[in-house]
Structure formats: structure tokens, C-alpha cells
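Everything below concerns the one structure shown next.
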Amino acid sequence: MPELPEVEVTRLSVAGVTGARVLGLRLGKPLRWPLGAEPEVAHGRTVGEIQRRGKYLWLPLLNAGQADGGLLWHLGMSGSLSWLAQAPPAGPHDHADLHTDRGTLRLTDPRRFGAVVWSPALGQDPAAKLLARLGPEPFDPALTPQGFHAALRQRRVAIKQALLSGELVVGAGNIYASDALFEAGIDPRTRCDRIAAARAARLLAAVQRVLTEAIAAGGSTLKDFKDAHGTVGQYQGQARVYGREGQACQRCGGTIKRLVQGQRATYYCPGCQH
DNA sequence: AATGGCGCCTGAACGC
DNA sequence: TGCGTTCAGGCGCCAT
């Protein structure tokens, strides 16, 4: 799924839920992690402002104005949220419904790698444990080219896999990691500690540029993804290399190649990336 | 400590 | 048409 752009597009499209009063929480088949509380805990609470951290969404649920709990959502690989004025009966892949007086927030996730987890706060367990290993946000001003380079120097894995891990910077999954490396002109197999400062700076800028473009395009819809109003993303049509094996590189005209790293497909242009 | 690999679950696309 | 195989956007956990 859903990489950072899709989660951000989802966040923006469900903003209307803020201020709604929760009528009930219904869960379907088990998701990746259990809710960790009785669904009734949400009842009668007021929805606060939805936030994003990495590929997670945090929905505060205020109890008489007190911020003492909320729901942490993850879309896994095939999940999407819908904001429904009139929710039809839950289908076989609808595994969470947050019913409110303004509509229903519904998680649809065929593969069930997603999750909805109750937590007393974003900074407390279980949410804190799930977020503990996340690297910096890509648009955090504290993430400098110098800091990014310093983090790269401590790793020997291939840069593509390091980007996927989210420990250097969160948000780039398989689509955007490939495209960002193309933008930066870096071979995806390059060891992190062989990337000099100038190239590291170029890579960080490329990650930011690709993610920004993807958010503007409404994300990528390879199959399941839709925003909360049912709109599909458009980035997949403008991908630089992702999913374009055998096609011509837009920059040099060479042929885009596919390889496998850590059991994941990587796409790159041998002519443009070194 | 860092790294590589596995598995969770379902559906679609493909080859025979 | 039917069946088996392969592949998918993530990520925590395990063994090395």
C-alpha cells in the first residue's frame, strides 16, 4: 500500500471526521494486531484532529475534552479508509467501522496486513512501541543533508533496502524508493556508506520531491488504494521507473531494468544510475 | 549491532 | 474452464 503519500492523501481526505461524536466501533475479521481494548472504549468520545506519523494515522478520541486515548491506524499493503455519509452494510473486506454522528470511517483491507490499535496516547504503548523504530519525517526541518549523510555512513546495506527500512527517513516504500533513486542518479545496489555527502544531499532532496509529487497526484493506485472519498491516485501513470521494466527511460532513452533486493522488486535505469 | 529472510493473508494474473 | 504458481504497496520477528 500505502506508502507515505497515500497515507497523507488519506489523512487530508478524512479531515471531516474531526469533531464528530463516536456512536460505536465495529470490527470485522482479525487484522495484523488486535485492538487491545474493548471496542466500547470509543463510544461517546469526540474525534480530535487526525495526525500522520510515517505510514500511521493517529486519531485522537477525546473523552469529555480529555486527550486520554485514540486509535492508531495502519493501512498495511492493501488497506484504504472511506469516509461514508451513509455506510452500506460491511462487505467481506471491511474490517473496521468507526460510526459517528457525521458518518462512518471504514477500513477496507483485503489482505488484512493493516491494523487499528487503541492506545492511551501516541507517546505511550502500544502506539509508542509501534512507532519506536521510525526514522525522521521526510519534511522535518531537523532532517538535514548532513544528518542524512551521517546516518548513511553507518550502514553497509544497499541504499534501496535502507530507504525501505524507514530508519533513515520514513515514507518511501517500494514505489517511491525506486523513483527517488532514479531522481538522484544513484544505483539502488550502492552501499550506503559509499555515498558521498553531495550525493546524499541529492538523494534526500529526491525523496522529498518524489513524495511531494506523489501527494499532489493523489498517491499511487496500483490496485486497491483510494482516498476517503473513493478517488484513485494518479502517480502510477507518472512513475519514473517503478513498474516500467523494459520501457524506455524518459531521460536517456535506455531500457529500464528490474532486479530483486531483499525479495522486493527494484526498478532502475542502468544508464542514469551509478 | 547489523543484516537477511520469513511469514502474515488474499486476490489477480499468468502458464499449462 | 480449471488448476497450480507467482507476485503484490509493509513490517515485526527470528536466526545468524
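Proteins come first, then strands; the chains are lettered A, B, ... in the order of their sequence lines, and each starts at number 1.
Salt bridge status for Arg52(A) with Glu137(A): present, with a side-chain N to carboxylate O gap under 4.0 Å.
Atom P of nucleotide dG10(C) and atom OH of Tyr176(A) are separated by 10 Å, given to the nearest angstrom. One can place CD of Glu6(A) at 9 Å from P of dG10(C), the figure rounded to the nearest angstrom. The OH-P distance, from Tyr242(A) to dG10(C), rounds to 9 Å in whole Å. What separates CD of Gln161(A) from P of dA2(B) is a distance of 16 Å, to the nearest Å. Atom CD1 of Ile215(A) and atom C1' of dG9(C) are 15 Å apart (whole Å). One atom, CZ of Arg155(A), and another, C1' of dG4(B), lie 14 Å apart when rounded to the nearest Å.
Distances from the side chain of Glu3(A) to the nucleotides dG12(C), dT3(B), dG10(C) place dG10(C) closest. Looking at the side chain of Gln263(A), the nearest of the listed nucleotides dA8(C), dA2(B), dG5(B) is dG5(B). Of all nucleotides listed (dT10(B), dG12(C), dA2(B)), dA2(B) comes nearest to the side chain of Arg156(A). When the nucleotides dG4(B), dA8(C), dG9(C) are ranked by their closest atom to the side chain of Ala265(A), dA8(C) comes out on top. Of the candidate nucleotides dG4(B), dG9(C), dG7(B), dG7(B) has the atom lying nearest to any side-chain atom of Arg32(A).
Taking side-chain N and O atoms only, Tyr235(A) has no distance below 4.0 Å to OP1 or OP2 of dG9(C). Contact annotation: His93(A) side-chain N/O to dG11(B) OP1/OP2 distance is under 4.0 Å. Checking the phosphate oxygens (OP1, OP2) of dC11(C), a side-chain nitrogen or oxygen of Lys55(A) falls inside 4.0 Å. Between His74(A) and dG10(C), a side-chain N or O to OP1/OP2 separation shorter than 4.0 Å is absent.
In this structure, Ser220(A) reaches the bases: a heavy-atom distance under 4.0 Å links it to at least one base atom across the strands shown. Using a 4.0 Å heavy-atom cutoff across all strands shown, Gly262(A) reaches no nucleic acid atom at all.
Contacts classified as side-chain hydrogen bond (donor to acceptor under 3.5 Å, both in side chains) and involving residues 61-71 of chain A (residues at least two apart or in different chains) are given here: Arg45(A)-Asp68(A). Applying the side-chain hydrogen bond (donor to acceptor under 3.5 Å, both in side chains) test to residues at least two apart or on different chains, the pairs with a partner in residues 12-40 of chain A are Arg26(A)-Asp97(A). Within the structure, every pair that satisfies the salt bridge (Lys or Arg N to Asp or Glu O under 4.0 Å) test and touches residues 165-189 of chain A, not counting sequence neighbours, is listed here: Arg133(A)-Glu167(A), Arg155(A)-Glu167(A), Glu183(A)-Arg209(A), Glu183(A)-Arg240(A), Asp187(A)-Arg189(A).
Thr108(A) and His93(A) share no side-chain donor-acceptor pair at under 3.5 Å. Looking at Tyr235(A) and Thr221(A), their side chains never bring a donor and an acceptor atom within 3.5 Å of each other.
For the segment residues 177-196 of chain A, no residue has any heavy atom less than 4.0 angstrom from an atom of DNA chain B. Of the residues in residues 106-130 of chain A, those lying under 4.0 Å from DNA chain C by heavy-atom distance are Arg111(A), Phe113(A), Leu130(A).
The shortest heavy-atom contact between Leu27(A) and Ala96(A) is CD2-CB, 3.9 Å.
Checked against a 6.0 Å centroid threshold, the rings of Phe182(A) and Tyr242(A) do not count as neighbours.
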For DNA chain C, produce a single dot-bracket line, 5' to 3'. Pairs: Watson-Crick or G-U wobble, both distances under 3.5 Å. Symbols: ( ) within strand, [ ] crossing, | other strand, . unpaired.
.|||||||.|||||||
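Look at the P atom in both dC6(B) and dT6(C): the space between them is 14 Å, to the nearest Å. One P atom belongs to dC11(C), the other to dA1(B), and the distance between them is 23 Å to the nearest Å.
Mapped onto DNA chain C by nearest heavy atom, Asn174(A) and Tyr56(A) fall at different nucleotides, with Asn174(A) at the one closer to the 5' end.
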